[in-house]
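Read through the structure below, which is laid out as structure tokens, and then see the notes.
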Amino acid sequence: MAHDHAVAAAAAHPASEKRLQIERDVISAMQRPGLVYWGLVGFFATVFGVCLLGAWAYQIYKGIGVGGQMNPVGWGIYIVNFVFWVGIAHSGTLISAVLFLFRSKFRSSFNRAAEAMTVIAVMCAGMYPLIHLGRVWYAFWLFPYPNQRLLWTNFKSPLEWDVFAISTYLTISVVFFYVGLIPDFAIVKRYTRGLRRHIYSALSLGWVGSKQQWRNYNMLYALLAGFATPLVLSVHSVVSWDFAMGIVPGWHTTIFAPYFVAGAIFSGCGMVLTLCIPMRKLQKLERVMPIDHFEKLAKTMLFTSMIVGYAYTVEFILAYYSGNVYEFGVFKDRAIGHYKFAYWIMVFCNVVSPLALFIKRVRRSLGALFVISIFVNIGMWFERFVIIIQSLSHEFVPYAWGNYSPRWPEVSIMIGTFGFFFMMFLLFAKFLPVVAITEKKEEVH
Amino acid sequence: MGIRLNPMRWLLASVIVAAIAFGADRVLEPAAGGAITIAAALFIGLAEGAICLMAGAEISDGHWHRPLLPRAASLVYVIPVGALLFLVNIPQLSIYPWAEDPSGWLSKGPFIARHVALFALVFAVARKFVGEAVRGAQRTRFWAVIYVILFVAHLSMIGIEWFMTIERPWFSTLFGAFVMVSAFLSGICALSLTVFSWRRRTDAPSKLVQKSLGGLMFGFATFWAYFYFSQLIVIWYGNIPEETMYLAKRIGYHTPYWLPARLIFGMIWVTPFFVLLRRKNKTLAPVTSTLAVIVLSGVTMLFWIMLAPVVPVSIPLLVLLIALLTFLTASIVRSYDLLLRVPAEVVHEPAHQPAHSH
Amino acid sequence: MDRREFLRWMGVASGASVLAGCDLSRKSEKLIPYLVPPEDGIIPGDATFVATSCTECPVGCSVSARIRDDRPVKVDGIAGHPVNDGALCIRGQASLNRLYNVERIRQPLMQDGSGNLVPATWNQALAKVSQALKTTSGEHVFLSGRTSGSLSVLIDEFSQRLNMRRLPEFELFSYAAVREANRSLFGVDAIPFLHPDRADVVVTVGADVLETYGHPVAFARALSRKHDSGEHFTWFHVEPHASMTGFKASERVSVKPGTEGYFLAFLLHSLGRSLDGRASSHVSSVPAVTLDRAAEATGIARETLSKIADALRAAHAPLLVAGGVSIGHESGLDVARIAALIQAVTGMNGRTIDFARATDYSRVGSMSDIDRLKSRLDANQVGTAFVFNVDLVGRLSGWNDFASSLEKASFLVGVGDIMNATLSLCDVVLPLSHAYESWGDVEPVAGVVNVIQPALKPLFDTLSDGDVLLRILAEAGAAAETSYQQYVMDRWARDYGPAAADLVKKGYLETSASAASISLREPDHRYTFGAAPAKTPALVIAPSVRWYDGRSAELELLKEIPDPLSTVSWDPWVSVGLETAAALGVDDRSEVEIRVGNWSTALPVRRQPGLQRDVFMIQHGVAGPPAGWSRTSGEANAVVADVAVTPTGRKVPTTILSASLFEEGRGVVPGSHPEHFGPLKKMQEQHAHGGHELKHEDVSFYPVPNYPTYRWAMAIDMDKCVGCSACVAACTIENNVALSGRDSHLRGRELSWIRIEPYYAEDGSSLDTVPTMCQQCDYAPCEPVCPVYATYHNNEGLNVQVYNRCVGTRYCSNNCPYKQRRFNWFSWEHRPHPMNLMTNPDVSMRGKGMMEKCTFCVQRIRKARDVAKDEGREIREGDFTTACAAACPGGAIVFGNLLDEKSQVHEWAHHERSSRLLEELGTGPGVFYLKKKGGHHGA
Amino acid sequence: MSERLVFGSEHDFLHKLEELVKSGVNPRDIEIFAPHPVHKAEEILEMKPSFVRTFALIGGLTGAATGYLLTSLTALDWPLPVGNKPIVGIPPYTIIAFELMVLFGGLSAFLGFIVTSRMPAIRTIISQDEFRDTFEIHVRKG
């Protein structure tokens with residue numbers, strides 16, 4: 001009984017009050033999915049099923065030719081989307097791992113959502129290399145496994161590096177995501193009854209927050225952060241090398257690795273804002289997602305945007321400096337050629353529009369941030385479009401130049417992935433704590 | 001201005017250094033080659049890099065760096081010395097392949113003009129920034145941002161124009177950034193050396209400062225390696241003569257440079273990485289400062305190997321210059337007993353809240 | 001069923017499928033003896049060769065057909081033949097596509113009540129014909145294209161036995177003006193054979209000697225020999241339009257349409273020869289044309305005119321010939337006459353111009369005859385008309401409504417192989433076997449006879465041309481039943497005696513040619529070229545290297561392969577000069593409306609550098625305007641004056657395969673260098689200055705390739721390439737390259753493994769045709785990027801593509817700087833019958849989603865290795881060559897082992913003219929190009 | 001029998017913990033529960049760094065080794081020259097090695113966590129034990 005009094009007294013403590021408030025805020029976001037919610041989930045599921053699976057089945061049946069790819073542009077918007085989604089994925093790791101190492105406070109508002117986004121986005125990205133294969137039914141040949149042909153894969157191929165990079169990335173981010181969730185599962189367990197309670201309980205692996213558990217947990221989390229940080233660099237570098245290893249003018253350039261990484265983080269921050277701003281509103285998370293944290297994210301975005309701008313400039317200037325007719329030919333064509341619309345959209349969205357973030361008022365207005373984040377998403381999609389497609393369309397031999405434009409199966413599949421992405425994210429938002437409760441509590445004093 | 005130094009003495013010292021360099025250059029001509037370029041680039045790099053680190057810390061409103069501010073601030077006065085060396089080096093511009101067939105952009109006149117202008121600009125902004133920072137003024141953040149941008153621009157320009165054009169028309173888009181990162185890394189090392197200089201003093205820096213510096217050295221050495229690899233693999237894989245030529249000349253086994261080339265990689269990345277892998281080492285001043293010296297010499301060799309295969313570089317002059325500049329820099333940093341007087345409270349400046357602006 | 005039974009069934013099934021796979025299913029039982037090799041030594045998988053002749057155009061080149069599994073899968077020329085000497089043109093290579101054409105008429109057809117053609121049996125059809133011959137009133141007529149040899153003889157018998165009038169044969173390219181000129185000047189009605197290799201100065205006026213005029217293959221061979229001889233040689237080509245021939249001449253000169261007479265008259269008068277009486281009177285009968293007059297009339301620069309005149313005057317062995325579009329206008333006859341006159345007075349005849357080897361066109365009529373026929377038809381005077389293997393209506397599309405006239409014949413009997421405008425009008429259609437299914441003979445030139453003999457059994461219920469006639473005769477009771485094979489064999493035995501056997505074996509026979517003495521007759525002609533030149537804008541209707549006079553447009557293979565000048569493949573187009581295009585404000589693919597009188601058509605534009613201002617060009621085979629014909633010569637007009645061309649403002653999708661007419665400073669033409677080539681040079685100089693030449697390790701971190709025995713390589717002489725695209729056709733057939741069709745071409749998905757890239761000088765003054773295929777690089781950029789090793793480098797220097805390992809990432813294609821990799825976007829490997837028989841069994845078909853490309857005909861390398869192995873030796877120079885090299889009439893392509901010091905390819909590769917494409921990329925290609933001797937416009 | 005102390009605030013909790021240790025209670029006898037990580041507590045209880053580190057290290061090294069060996073040995077097993085690059089190309093293989101290092105390292109770290117903290121703890125999962133929001137100190141007596 002004395003003990004119960006003690007508990008009551010403890011619970012009455014103001015700090016404890018604050019902590020419980022956090023719990024309630026986050027958990028309440030997980031209550032009773034409404035009809036609208038299920039409607040949305042159903043809608044996105046349908047989009048995914050019809051637009052992606054349908055079109056893909058058709059493509060497999062007829063042949064990859066139903067898309068718009070051609071000579072010389074062998075890679076269409078499938079690869080554009082691949083890079084786009086991998087890029088989206090990166091900010092998740094950045095926010096949860098890198099900011100963890102830098103002990104930045106504002107990560108705690110976003111890291112859970114960002115990690116979820118990472119996992120889902122990598123799934124989306126992972127689909128595309130398969131979708132774009134001419135003979136997807138032999139996709140398993142891309143994995144090294146002992147076979148009676150005694151034939152292994154070509155580890156010198158950038159595409160093979162991709163296989164390793166992407167699968168590693170998916171695995172590690174899933175583990176990272178799950179590890180972060182373990183204590184929260186234990187908390188959610190407390191708020192649920194019946195079957196759900198058992199499920200969450202099982203997922204929490206019997207977490208009680210003892211000293212051993214916390215000690216190992218902290219170590220594990222630090223290690224995973226330590227692994228994930230170089231991983232995030234390597235993954236997008238590898239993606240960039242899919243192009244930079246080629247000798248295609250506009251692809252074969254040394255700055256690609258860091259440039260792509262920056263771009264990835266840039267687009268990732270954009271997508272985090274696009275997702276979190278509505279989520280904050282709809283699920284009433286104003287208390288746990290303070291505006292200052294959004295401002296910090298905006299600054300990160302501005303910073304990466306400037307790196308990207310630096311890359312654009314250096315590439316262009318050095319192409320001119322080189323006096324190399326192929327190199328400069330490509331860049332001239334970007335600015336004034338068939339794809340100039342894409343190029344200028346890219347420049348505006350990625351370099352010009354983020355400049356508004358220099359203004360404090362813009363940084364602190366969620367509306368403005370949301371608009372800019374949309375610009376960034378669009379801009380980064382077009383950046384990949386320009387890099388991949390324009391470069392291929394204007395290579396060495398003038399006879400073989402040619403312009404690509406996507407056709408309906410490609411567009412349909414692209415829409416389908418968005419369906420998948422939002423479906424998954426909605427499910428996450430209702431069934432998992434969208435903010436890392438324990439980490440939020442850590443900030444309470 | 002947080003630190004006041006005796007301008008006359010400082011000016012005198014710088015001019016002496018420049019004069020010696022100039023004299024030696026005359027004597028050794030034309031064997032002097034890129035020696036002055038290398039020395040100048042090295043010290044400009046470490047000074048501006050160190051200040052950039054401060055700026056970065058200000059922007060991300062960290063607090064750990066505050067005890068370092070005064071020393072970092074005093075490094076501002078190394079920049080003009082570098083500028084002076086650049087001017088002294090003008091006669092040596094003939095080592096550049098574009099000197100014979102000048103184009104609009106790459107010809108002596110504009111080249112000198114824009115670099116002098118950049119020096120002036122960077123110096124002014126850096127001075128403004130450190131001043132604000134040491135005073136913990138409102139505008140610190142603003143000037144920090146401006147400075148970082150200028151730093152990137154300046155070091156990229158130095159990388160591209162002082163080092164890359166030596167092999168014109170060879171080019172690598174990452175080159176400017178690569179030199180910039182090397183400079184930033186040397187800046188970190190310079191600061192950890194000043195930490196070493198502290199040990200015998202009352203104001204021994206907090207563990208946090210050392211830990212942070214150690215961590216940064218670890219991180220950016222690795223980041224440097226990442227840039228190095230990014231450049232290497234693209235060129236190795238592409239196998240386009242116009243590109244591979246540059247690397248083949250510097251790391252190919254058939255050249256005399258293959259060993260130094262590998263040493264450089266070992267000094268700038270391998271050593272600090274594996275030593276600092278052990279968390280404890282990050283906080284041991286003797287370890288970090290030894291590493292700092294190794295990395296700095298690695299960066300020196302890096303700049304050297306960029307020039308050496310195509311133009312003669314007089315090693316004696318290089319060594320002499322580095323010695324002189326080290327002495328000058330050290331005395332500027334530890335200026336409060338050598339060149340200038342500084343009110344104690346600046347050094348023991350209370351760590352205060354950064355200029356938050358809500 | 002139990003296990004044993006199951007296995008037994010399996011055995012049967014698989015065995016059957018193997019056999020079926022070896023042969024056309026129709027006679028798979030024939031294959032069973034294969035299991036025991038028969039006497040004639042046919043072994044499955046081994047090829048045999050049958051000598052026969054090509055009938056795709058009237059020339060009649062000799063052909064050696066490669067037989068696999070009872071059917072021809074590839075044709076090439078017979079080496080040593082006096083006309084085509086081992087080579088074939090693009091049409092000859094494509095002739096298999098006619099044999100195996102899906103559109104082939106498969107059995108006799110008869111009109112039913114409602115006028116539709118319905119299948120019938122031969123007996124029904126023939127009965128109908130002979131009945132018609134009896135019943136129809138009016139005169140029976142027989143009209144065919146040019147025939148020679150036994151067939152012509154049989155046609156004579158046929159028509160007189162059935163008292164039917166044999167009309168002059170119809171050829172759109174009737175050479176009427178040339179023949180008329182030769183008749184009136186020398187009294188011979190023939191097209192002489194040309195010997196450019198014996199000439200030091202050649203002037204060709206309009207005659208597209210490398211495309212359709214005379215014997216194009218022979219001309220290309222001769223040029224090649226000339227290049228080898230290294231003797232000095234200048235060739236001026238004067239033409240109103242732009243032709244490949246023109247661009248391949250040393251100098252191409254544009255002349256105002258219809259003013260060639262002035263030009264030739266000027267030449268004639270500036271020859272400055274002392275002439276005997278008759279010649280001089282001839283010459284004096286030609287109006288004098290001063291330099292200024294000529295320049296003013298023809299639009300040719302004065303210095304050019306005098307340059308040509310001087311060259312001709314100074315020439316030891318000149319050759320001048322006029323023809324093609326230059327004789328296809330009102331004063332065409334004068335052009336031909338003056339040309340003949342120049343030939344006579346400069347003593348070309350018997351030296352560079354050979355009437356002993358003339359092509360006999362005496363039975364061929366002219367447009368006047370067609371006109372006469374038309375009026376007779378309109379007057380309902382024609383009873384039963386035989387239209388024998390000639391698409392009259394199609395060729396005469398320019399004649400307003402010839403079809404309706406033809407229908408006025410009381411009974412039309414059509415004989416042909418593929419349904420066309422003419423046959424569709426006929427009451428009875430008798431299906432013709434292809435020459436490769438028939439017996440017969442042709443006489444390409446006087447004193448040479450080629451055999452036609454079956455390379456396979458008829459695919460369908462068809463008869464050879466001779467047999468059709470004999471059957472009709474028999475049916476009509478006018479002769480005893482016999483086979484045409486018997487007929488020709490008897491005739492050969494009679495005419496050639498024992499040599500006949502040689503004819504069948506060797507494929508041709510050279511009989512004694514009567515050297516006709518050419519002497520001038522009395523002048524009897526007034527020259528009328530003084531008439532005003534053709535009014536511009538003018539439209540020139542040019543012969544097509546792909547379609548001849550349009551007849552070969554029926555072959556999809558010849559639609560798939562782009563026209564070498566314009567790179568337009570499937571679609572019709574109008575060529576517009578650069579200035580004209582700018583003036584009209586049109587670009588490629590913009591549609592223009594062409595109007596002549598009340599006739600008009602809308603066509604997409606293709607810009608054609610070098611085509612003079614206000615002259616437009618379309619090719620035969622595209623719906624032509626009412627060009628009419630020259631009353632004086634009977635030659636069909638090739639120049640339509642005073643046309644109105646107006647842009648419609650629309651852009652229409654057009655299958656133009658080349659994205660740029662020009663090199664754009666890329667240095668892709670051998671001998672030219674990219675603008676930025678300086679840098680690499682500079683680096684090399686730096687090294688040279690540094691005391692040593694650039695070594696391998698200075699520019700690469702990779703080992704040097706080591707090839708133990710072979711490094712297969714190719715070399716191409718830019719001087720000898722005549723841009724004819726025969727190599728493309730040969731490659732397509734040899735390697736089972738799919739015909740991807742128009743849609744794919746519109747989407748930039750052509751599949752051809754080899755292509756001719758035309759690059760013009762910015763001012764259109766010159767053209768380089770660069771044949772490109774996979775360059776088989778030592779440091780191939782396509783190889784390392786493949787994640788599954790589907791492409792790798794073998795130890796013979798080949799860049800191998802493993803079709804079945806390919807998963808279709810397409811990175812290799814992206815990373816190929818030459819853009820020579822082809823992807824199977826859809827399932828193209830299933831060909832409809834009988835096209836499936838054109839499949840070369842030695843080359844595997846590629847399925848959906850696989851990458852493919854030129855393999856240097858690896859199947860031939862394998863074969864050669866097997867043979868060499870059996871003989872216990874290594875492969876020798878000359879054991880084999882690639883399909884493209886074998887086909888090339890210009891002998892521009894050589895292939896072989898680069899490691900063999902004595903090999904031709906080694907010699908060419910180390911020639912001082914030798915260079916490789918995009919060499920500064922360090923890919924180390926295995927294809928070498930010998931740049932033009934004259935240097936390159938970009939260089 | 002053990003003593004259970006419950007606190008609402010981190011501060012009180014740490015304060016109590018410190019004085020317990022000062023008062024000579026063997027840290028090994030003290031079990032603590034916290035709603036979020038409390039690094040200070042680990043210092044007070046002088047806990048050794050977790051074993052998870054070792055797992056990660058071993059995993060990482062294994063991964064890197066696997067990366068280099070897999071690539072090189074398979075390439076040497078059937079040498080297929082591509083673009084005439086060296087059969088064993090260290091730069092590209094480094095990338096594979098790196099990825100595998102991270103993969104193995106990360107997974108084995110997680111494995112280490114599961115093993116060292118004896119998870120999943122079936123008893124806790126089925127029982128009603130909860131991860132409460134309070135700081136607790138349990139001191140084992142005698």
Side-chain angles (χ1 to χ4, degrees), chain C residues 696-697 699-708 710-713 774-802 804-807 809 811-818 820-821 851 853 898 918 921-926, chain D residues 50-117 119-120:
Chain C
H696 173 76
E697 65 264 30
V699 292
S700 173
F701 295 108
Y702 303 164
V704 283
N706 93 79
Y707 304 122
Y710 309 106
R711 199 299 184 219
W712 301 115
C774 171
Q775 304 282 307
Q776 310 284 352
C777 311
D778 286 335
Y779 301 92
C782 56
E783 289 165 358
V785 295
C786 176
V788 292
Y789 282 127
T791 179
Y792 73 100
H793 218 69
N794 78 0
N795 63 0
E796 299 181 358
L798 288 186
N799 167 238
V800 188
Q801 180 69 23
V802 189
N804 288 334
R805 179 65 173 173
C806 179
V807 294
T809 68
Y811 198 166
C812 51
S813 167
N814 289 347
N815 210 31
C816 172
Y818 310 94
Q820 290 298 348
R821 287 178 156 264
M851 191 61 70
K853 63 164 192 70
L898 195 59
L918 303 177
L921 294 181
T923 50
Chain D
S50 153
F51 277 115
V52 176
R53 217 164 44 158
T54 332
F55 278 83
L57 183 65
I58 293 164
L61 294 177
T62 324
T66 317
Y68 278 117
L69 291 178
L70 175 71
T71 49
S72 314
L73 296 183
T74 53
L76 290 168
D77 174 46
W78 183 357
L80 292 166
V82 285
N84 209 32
K85 291 186 165 30
I87 294 301
V88 175
I90 293 308
Y93 293 173
T94 308
I95 293 164
I96 304 281
F98 176 84
E99 298 299 338
L100 286 186
M101 180 190 77
V102 173
L103 182 63
F104 284 33
L107 287 179
S108 59
F110 182 65
L111 184 74
F113 168 70
I114 296 292
V115 172
T116 50
S117 29
M119 281 176 152

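Note on naming: letters A, B, ... go to the chains in the order of the sequence lines (proteins, then strands), and numbering restarts at 1 for each one. Values reported hereafter were calculated over all heavy atoms of this structure, with side chains retained and with hydrogens, waters and symmetry mates removed.
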Please name all residues satisfying side chain to side chain contact (heavy atoms under 4.5 Å, CB included) with D:L69, sequence neighbours left out, ordered by chain then number. D:L73
Under 3.5 Å, which donor-acceptor pairs link chain C and chain D? Put them in a table for me, please.
from   : atom 1 : to    : atom 2 : distance (Å)
C:Y702 : OH     : D:K85 : NZ     : 2.8
C:P703 : O      : D:N84 : ND2    : 2.8
C:E783 : OE1    : D:G83 : N      : 2.5
C:H793 : N      : D:P81 : O      : 3.0

Which portion of C:V704 sits near chain D, non-hydrogen atoms under 4.5 angstrom: backbone
Go through the atoms of C:P781 and report whether side chain, backbone, both or neither lie under 4.5 Å from a heavy atom of chain D. neither
